[in-house]
Visitor: 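The structure follows.
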2 protein chains.
Amino acid sequence: MEDQEIRNAGLKVTAPRVKILELLENSDERHVSAEDVYKMLLAANEDIGLATVYRVLTQFEEAGLVEKHHFEDGYSVFELNKGKHHDHIVCITCGRVEEFVDETIEQRQQKIADELGFQISEHDLVIYGKCMDDNCDRKG
Amino acid sequence: MEDQEIRNAGLKVTAPRVKILELLENSDERHVSAEDVYKMLLAANEDIGLATVYRVLTQFEEAGLVEKHHFEDGYSVFELNKGKHHDHIVCITCGRVEEFVDETIEQRQQKIADELGFQISEHDLVIYGKCMDDNCDRKG
DNA sequence: CCAATAGATGAGAAGCTTTTGCATTCACTC
DNA sequence: GAGTGAATGCAAAAGCTTCTCATCTATTGG
Ligand SMILES: [Mn+2]
Ligand SMILES: [Mn+2]
Ligand SMILES: [Zn+2]
Ligand SMILES: [Zn+2]
């Protein structure tokens with residue numbers, strides 16, 4: 001299970017790491033902040049410090065288990081790396097996050113980078129807008 | 001000159017605001033951080049506090065004189081609003097920033113938002129890569 | 001199974017960018 | 001020119017993230 005993924009990442013199999021990975025795998029929310037993770041751990045009566053949450057998430061990111069994004073809000077959000085690249089659209093009212101992939105956009109970016117003489121290492125595309133979810137206005 | 005732009009923004013014409021606006025208009029670097037602006041002011045022997053720089057840039061942004069971006073680095077960068085939307089490609093080695101516009105990408109984003117039921121308010125697309133500038137490796 | 005050790009952890013301090021509180025100063029109106 | 005609400009500088013504080021350090025633990029190999 002999680003143990004092997006952690007070991008493969010060159011990390012010791014410790015309770016915090018296992019719990020955090022489990023949590024990411026089972027959470028309803030794919031996109032969570034370090035604080036979110038910390039609070040979920042508290043709610044689950046796990047005695048894990050916030051510093052450890054940050055450390056572990058960073059290590060997971062370095063190991064490619066997790067991806068980190070900046071949805072302009074002043075903090076980072078993490079999600080399990082599911083192998084295939086995607087971009088995000090975020091509701092400015094309720095915070096809902098949807099994912100999408102658009103091959104045309106990907107190709108165009110490559111073209112632009114070529115023309116400007118850049119070798120792409122990564123990119124961030126986030127669309128912000130208001131969603132039509134039924135309880136959009138009711139959420140935080 | 002600048003005075004009128006400031007007045008039109010509903011702000012009093014004060015030395016800090018005029019200096020900052022001049023600086024943004026004359027700087028070689030289009031994309032500058034608050035700290036950059038502050039240092040430039042210091043270099044020009046202007047006695048303006050960093051808090052004021054932040055306040056003024058924020059007011060300029062609210063007035064539409066300036067745009068604020070987050071090139072993932074932990075701080076914000078500002079640029080004079082030149083009216084037409086564009087996206088950015090940033091060199092991860094030397095920090096050079098190039099601008100581009102791609103109608104196809106813009107349209108595709110609209111399509112995606114439509115399909116997912118979002119009304120776009122804005123978007124951020126930043127491509128990161130290594131540039132082929134002659135002194136790319138020599139810069140900070 | 002145990003001892004040795006490199007690595008991991010929690011708590012709090014510290015770091016960085018950005019914001020805020022407040023006393024003082026200033027721009028604009030009459 | 002006086003009056004007033006806005007603007008400023010400084011220092012303090014906030015908010016997120018990282019670091020320090022003393023303590024603890026997973027792993028290894030004897
Ligand atoms: Mn995602
Ligand atoms: Mn720009
Ligand atoms: Zn919504
Ligand atoms: Zn470069």
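So you know, we letter chains A, B, ... as the sequences are listed, proteins then strands, and number each from 1.
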Visitor: Do B:E79 and B:H86 meet the criterion of a side-chain donor-acceptor pair at a distance under 3.5 Å?
Guide: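 Yes - a donor-acceptor pair under 3.5 Å links their side chains.
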
Visitor: Which atom pair, heavy atoms only, marks the closest approach of B:S33 to B:Y75?
Guide: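 Taking every non-hydrogen atom into account, CB-CD1, 3.9 Å.
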
Visitor: Taking B:E5 first and then B:R7, would you say they form a salt bridge - that is, a charged N and a carboxylate O separated by under 4.0 Å?
Guide: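 No salt bridge links B:E5 with B:R7.
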
Visitor: Centroid separation under 6.0 Å, is that true for the rings of B:H123 and A:H88?
Guide: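 Aromatic pair excluded; centres sit 6.0 Å or further apart.
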
Visitor: Starting at atom CG of B:L50, determine the distance to atom P of C:dT20, rounded to an integer number of angstrom.
Guide: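 In whole Å, C:dT20 P and B:L50 CG are 14 Å from each other.
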
Visitor: Looking at DNA chain C, which of residues 59-81 of chain B put a heavy atom within less than 4.0 Å of it?
Guide: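 Output list: B:G74, B:Y75, B:S76.
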
Visitor: Would you indicate whether the side-chain heavy atoms of B:E29 and B:V77 approach each other to under 4.5 Å?
Guide: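 No - every pair of side-chain heavy atoms lies 4.5 Å or more apart.
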
Visitor: Which residues in residues 18-46 of chain A have at least one heavy atom lying under 4.0 Å from any atom of DNA chain C?
Guide: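 Contacting residues: none.
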
Visitor: Whole-Å distance between D:dA6 P and B:R17 CZ?
Guide: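 These atoms are roughly 11 Å apart.
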
Visitor: How many angstroms lie between CD in B:E61 and CD in B:E67, if you round to the nearest 0.5 Å?
Guide: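 Those atoms lie 8.5 Å apart.
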
Visitor: Hey, is B:R108 close enough to A:E103 for a salt bridge, meaning N to O under 4.0 Å?
Guide: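 Salt bridge flag = no for A:E103 with B:R108.
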
Visitor: Mark up nucleotides 20-30 of chain D, 5' to 3', with B wherever a protein heavy atom is under 4.0 angstrom from a base atom, S wherever such an atom reaches only the sugar-phosphate, and - elsewhere.
Guide: B-----BS---

Visitor: With a 4.0 Å cut-off on N to O distance, would you call B:E99 and B:K82 a salt bridge?
Guide: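 Looking at B:E99 and B:K82, the cut-off is met.
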
Visitor: Determine whether a donor-acceptor pair (N or O, by modelled atom type, separation under 3.5 Å) exists between the side chain of B:D114 and the backbone of B:K111.
Guide: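 The answer is no, because no donor-acceptor pair under 3.5 Å joins these two groups.
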
Visitor: Please state how far atom CD1 in A:I48 lies from atom P in C:dA11, giving the value in whole angstrom units.
Guide: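 Rounded to whole Å, this separation is 11 Å.
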
Visitor: When the distance from OH of B:Y54 to P of D:dG9 is rounded to whole Å, what number comes out?
Guide: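 The distance from OH of B:Y54 to P of D:dG9 comes to 15 Å, rounded to the nearest Å.
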
Visitor: Once you measure the plane-to-plane angle for B:H69 and B:H31, does it fall in the parallel (<30°), tilted (30-60°) or perpendicular (>60°) bin?
Guide: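 Rings of B:H69 and B:H31: tilted, as their planes differ by 30° to 60°.
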
